[in-house]
A.B. asks: 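Could you have a look at this structure, given as structure tokens, before my questions?
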Protein chains: 4
Amino acid sequence: MFELDLRSRLPIYEQLVEKIKDLIINNVLKPDEKLPTVRELASELTVNPNTVQKAYRELEHLGFIYSVPGKGNFVREVAPEHNTARLQALENELSRIINEMLYLGTSPEEIDAQINALLPKDKGGNSNDSSPEG
Amino acid sequence: MFELDLRSRLPIYEQLVEKIKDLIINNVLKPDEKLPTVRELASELTVNPNTVQKAYRELEHLGFIYSVPGKGNFVREVAPEHNTARLQALENELSRIINEMLYLGTSPEEIDAQINALLPKDKGGNSNDSSPEG
Amino acid sequence: MFELDLRSRLPIYEQLVEKIKDLIINNVLKPDEKLPTVRELASELTVNPNTVQKAYRELEHLGFIYSVPGKGNFVREVAPEHNTARLQALENELSRIINEMLYLGTSPEEIDAQINALLPKDKGGNSNDSSPEG
Amino acid sequence: MFELDLRSRLPIYEQLVEKIKDLIINNVLKPDEKLPTVRELASELTVNPNTVQKAYRELEHLGFIYSVPGKGNFVREVAPEHNTARLQALENELSRIINEMLYLGTSPEEIDAQINALLPKDKGGNSNDSSPEG
DNA sequence: GTGGTCTAGACCACG
DNA sequence: GTGGTCTAGACCACA
């Protein structure tokens with residue numbers, strides 16, 4: 001499914017949260033799909049079941065999954081009520097990162113180019129055109 | 001100068017690192033400017049001097065300040081040798097954030113607009129220049 | 001394991017850094033091997049655990065060990081990204097030392113001989129190999 | 001005469017010791033030559049006279065200069081009695097540095113080449129190297 | 001039980 | 001008076 005870095009400073013349960021969050025965001029795990037049980041995932045990753053349990057509880061708190069007692073844990077459709085606060089936090093992070101990149105010498109043009117490479121471009125409506133050849 | 005959240009999960013010394021880093025990046029603290037002494041800042045924030053000391057030491061490791069024993073701590077000019085690895089980390093964070101914003105429903109156009117608002121415009125008026133008039 | 005000079009001008013934690021660095025460099029402590037716990041080493045050397053902690057943190061910054069909270073501290077494989085600046089510093093030290101040895105009357109031939117004694121010989125017999133028989 | 005780095009972690013008086021030691025070793029300051037007075041040097045470098053005084057006392061202790069009360073400080077000819085202990089210390093440093101360079105990936109051949117570049121080659125009696133001109 | 005953080009308070013080197 | 005080091009002892013998060 002994925003790998004953990006046991007040497008990382010990040011606690012294992014936080015790594016788990018990030019990995020599973022990524023799978024949900026990138027639609028690998030689809031809405032209402034069942035996640036592995038705590039025991040399954042724990043034995044597969046050879047970590048303590050308590051650690052997986054903690055990650056699942058955190059994901060539930062973040063609004064990415066829901067738990068049905070006796071049934072298991074399932075992917076939750078994106079919940080609008082969580083969005084505003086979360087988006088505000090993300091925008092703050094975004095601002096912090098951009099400022100630090102500028103401070104370290106990355107040019108505004110380069111930052112803009114990097115971000116446009118990350119954004120999907122399947123629509124025609126883009127205001128400032130990126131150079132077509134390259 | 002700024003405030004700490006003593007209830008936060010982030011250790012106090014890391015909050016200090018982030019806050020001071022921000023002040024340096026945003027040019028509130030200028031190169032070679034003297035930071036508050038360890039004891040001053042500790043008493044102002046009502047934390048232990050060792051905690052401030054630890055934050056200052058970390059900022060020194062990160063290349064943001066330098067310490068002159070017996071004199072004080074001072075803002076360091078941006079050190080290019082620290083940049084490459086740091087920029088790579090920032091780009092990874094950037095990617096993660098953009099993906100999560102897209103997942104939460106922010107349109108690519110809106111993200112692009114937000115980021116352009118964060119970047120300095122080289123087209124015309126420069127807003128954050130040092131004000132020439134008194 | 002080793003001894004400290006409590007009367008030395010060098011801070012205890014820096015002596016610790018040097019000693020452990022030496023053990024790693026000379027392959028006494030091998031990659032991914034577990035170091036003594038903070039408390040073990042502190043009690044063995046009769047110094048404060050915080051002092052050992054500080055040394056371990058510094059070794060982590062220098063890229064010699066990595067720390068897994070709740071598990072322990074472990075020897076890190078040599079990290080190439082730290083090398084360039086460090087090698088430059090070592091070459092400067094080398095130059096300083098050679099010049100002072102020459103000043104004090106050591107002949108170039110003798111210096112050359114001493115250094116060749118320190119370098120591994122790729123000509124024939126290898127003395128410090130791991131013993132092939134168990 | 002020379003410059004100090006006021007931002008360095010090295011105490012100013014130690015920087016002074018190193019700089020003057022270098023001048024003596026490289027024969028810029030010759031035996032029995034008079035050094036600047038404490039006040040002169042202090043005002044030239046804009047440091048505290050106590051700092052210069054401390055450096056001179058340290059140089060005297062190291063055997064590089066001698067002090068004549070009421071007259072000044074003078075360069076001392078190399079004193080053999082200081083050599084043995086000092087040379088032992090230098091050889092230890094040498095060993096430490098070479099081992100660390102090897103650990104960081106520098107090949108024995110490269111180390112040998114670097115050191116030979118530092119050694120004078122004005123004599124013909126060199127055992128293992130090809131010195132082209134005499 | 002591990003590393004990590006924090007406090008309180010002492011002492012030292014430096015300039 | 002500054003930063004730096006060290007001790008003693010407490011509490012917390014993680015696995």
Side-chain angles (χ1 to χ4, degrees), chain A residues 4 6 8-16 42 45-55 58, chain B residues 4 6-16 34-42 45-58 60 65-74, chain C residues 4 6-16 34-42 45-58 60 65-74, chain D residues 4 6 8-16 42 45-55 58:
Chain A
L4 296 174
L6 299 181
S8 166
R9 301 296 297 261
L10 245 67
I12 293 176
Y13 87 94
E14 282 193 28
Q15 290 184 50
L16 267 169
L45 299 172
T46 59
V47 298
N48 193 305
N50 291 336
T51 307
V52 177
Q53 180 71 299
K54 190 166 187 175
E58 180 74 8
Chain B
L4 295 175
L6 298 181
R7 286 173 295 177
S8 166
R9 310 272 305 234
L10 247 67
I12 295 176
Y13 86 96
E14 281 195 27
Q15 292 183 49
L16 269 168
K34 189 173 180 296
L35 296 167
T37 70
V38 171
R39 290 162 170 84
E40 272 172 19
L41 193 50
L45 300 172
T46 58
V47 297
N48 191 284
N50 285 336
T51 305
V52 176
Q53 175 81 301
K54 195 171 184 175
Y56 276 9
R57 174 62 65 102
E58 182 71 14
E60 193 181 13
I65 70 174
Y66 61 91
S67 172
V68 183
K71 287 294 187 180
N73 290 276
F74 302 86
Chain C
L4 296 175
L6 299 181
R7 285 174 294 179
S8 166
R9 309 272 304 234
L10 245 67
I12 295 175
Y13 86 96
E14 280 194 28
Q15 291 183 50
L16 270 168
K34 188 172 181 296
L35 296 167
T37 70
V38 170
R39 291 162 169 86
E40 273 173 17
L41 193 50
L45 300 171
T46 58
V47 297
N48 190 285
N50 286 335
T51 305
V52 177
Q53 174 82 299
K54 194 171 184 175
Y56 277 7
R57 175 62 65 102
E58 182 71 12
E60 194 181 14
I65 71 174
Y66 62 91
S67 171
V68 182
K71 287 294 187 181
N73 290 274
F74 302 86
Chain D
L4 297 174
L6 300 181
S8 167
R9 302 294 297 258
L10 247 67
I12 293 176
Y13 87 94
E14 282 193 29
Q15 290 185 50
L16 267 169
L45 299 172
T46 59
V47 297
N48 194 305
N50 290 335
T51 306
V52 177
Q53 181 69 301
K54 190 165 186 174
E58 180 74 8

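Lettering of chains follows the sequences in order, A, B, ..., and the numbering in each one begins at 1.
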A.B. asks: Taking 4.0 Å as the cut-off, does a side-chain nitrogen or oxygen of A:Y13 come that near to OP1 or OP2 on F:dC14?
C.D. replies: yes

A.B. asks: Who are the side chain to side chain contact (heavy atoms under 4.5 Å, CB included) partners of C:S8, not counting sequence neighbours?
C.D. replies: C:D5, C:L10, C:Q15

A.B. asks: Is there a side-chain contact between B:K54 and the phosphate of E:dT5, meaning an N or O under 4.0 Å from OP1 or OP2?
C.D. replies: yes

A.B. asks: If only side-chain N and O atoms of B:T37 are considered, is one of them under 4.0 Å from the OP1 or OP2 phosphate oxygen of F:dG1?
C.D. replies: no

A.B. asks: Only counting residues at least two apart or in another chain, list the ones meeting salt bridge (charged side-chain N to carboxylate O under 4.0 Å, His left out) with A:R9.
C.D. replies: C:E60

A.B. asks: Report yes if at least one side-chain N or O of C:Q53 is closer than 4.0 Å to OP1 or OP2 of E:dG3; otherwise report no.
C.D. replies: no

A.B. asks: Whole-Å distance between F:dG4 P and C:L10 CG?
C.D. replies: 15 Å

A.B. asks: Extract from the structure each pairing of a protein N or O with an N or O of nucleotides 9-11 of chain F at less than 3.5 Å, listing the distance.
C.D. replies:
residue: F:dG9; atom: O6; partner: C:N50; partner atom: ND2; Å: 3.0

A.B. asks: Between C1' on E:dG3 and CG on A:L6, what's the gap in Å once rounded to a whole number?
C.D. replies: 16 Å

A.B. asks: B:R9 side chain N/O closer than 4.0 Å to the phosphate oxygens (OP1, OP2) of F:dC14?
C.D. replies: yes

A.B. asks: Could you list the donor-acceptor pairs under 3.5 angstrom formed by side chains in residues 47-57 of chain B, with sequence neighbours left out?
C.D. replies:
residue: B:N48; atom: OD1; partner: B:N50; partner atom: N; Å: 2.8
residue: B:Y56; atom: OH; partner: B:P36; partner atom: O; Å: 2.8

A.B. asks: Considering only F:dC6, E:dG3, F:dG3, which nucleotide approaches the side chain of B:S67 most closely?
C.D. replies: F:dG3

A.B. asks: Check every atom of F:dG4, F:dC14, E:dT2 against the side chain of A:E14 and return the nucleotide holding the closest atom.
C.D. replies: F:dC14

A.B. asks: Rounded to whole Å, please give me the gap between CD in C:E60 and C1' in E:dG4.
C.D. replies: 11 Å

A.B. asks: Are any non-hydrogen side-chain atoms of A:L45 and A:L16 less than 4.5 angstrom apart?
C.D. replies: yes

A.B. asks: Given that C:P69 and B:P69 both sit by DNA chain E, which one's nearest nucleotide is further toward the 5' end?
C.D. replies: C:P69

A.B. asks: Without decimals, in angstroms, what is the distance between D:E58 CD and E:dC14 C1'?
C.D. replies: 14 Å

A.B. asks: Nearest-Å distance, CG (B:L41) to P (F:dT2)?
C.D. replies: 13 Å

A.B. asks: Measure from CG on C:L45 to C1' on F:dC6 and round the result to the nearest Å.
C.D. replies: 14 Å

A.B. asks: Side-chain polar contacts of residues 66-74 of chain B - donor-acceptor pairs under 3.5 angstrom, sequence neighbours left out - could you list them?
C.D. replies:
residue: B:Y66; atom: OH; partner: B:D32; partner atom: OD1; Å: 2.6
residue: B:S67; atom: OG; partner: B:N73; partner atom: OD1; Å: 3.4

A.B. asks: Dot-bracket for DNA chain F, 5' to 3', counting Watson-Crick or G-U wobble pairs under 3.5 Å, with [ ] for crossing pairs and | for inter-strand pairs?
C.D. replies: ||||||||||||||.

A.B. asks: Return whichever of B:P11 or C:V68 has its heavy-atom-nearest nucleotide of DNA chain E closer to the 5' end.
C.D. replies: C:V68

A.B. asks: Can you check the A:L16 CG to F:dC14 P distance for me, whole Å?
C.D. replies: 13 Å

A.B. asks: When rounded to the nearest 0.5 angstrom, what is the spacing between NZ in B:K34 and CD1 in B:I65?
C.D. replies: 11.0 Å

A.B. asks: Hey, is the side chain of C:T51 poking within less than 4.0 Å of OP1 or OP2 on F:dT7, counting only N and O atoms?
C.D. replies: yes

A.B. asks: On DNA chain F, nearest-nucleotide positions of B:E40 versus C:K71: which is more 5'?
C.D. replies: B:E40

A.B. asks: Using whole Å, what does the distance between atom C1' of nucleotide F:dA13 and atom CZ of B:R7 come to?
C.D. replies: 19 Å

A.B. asks: Please tell me which of C:P49 and B:L35 maps to the more 5' nucleotide of DNA chain F, matching each residue to the nucleotide holding its nearest heavy atom.
C.D. replies: B:L35

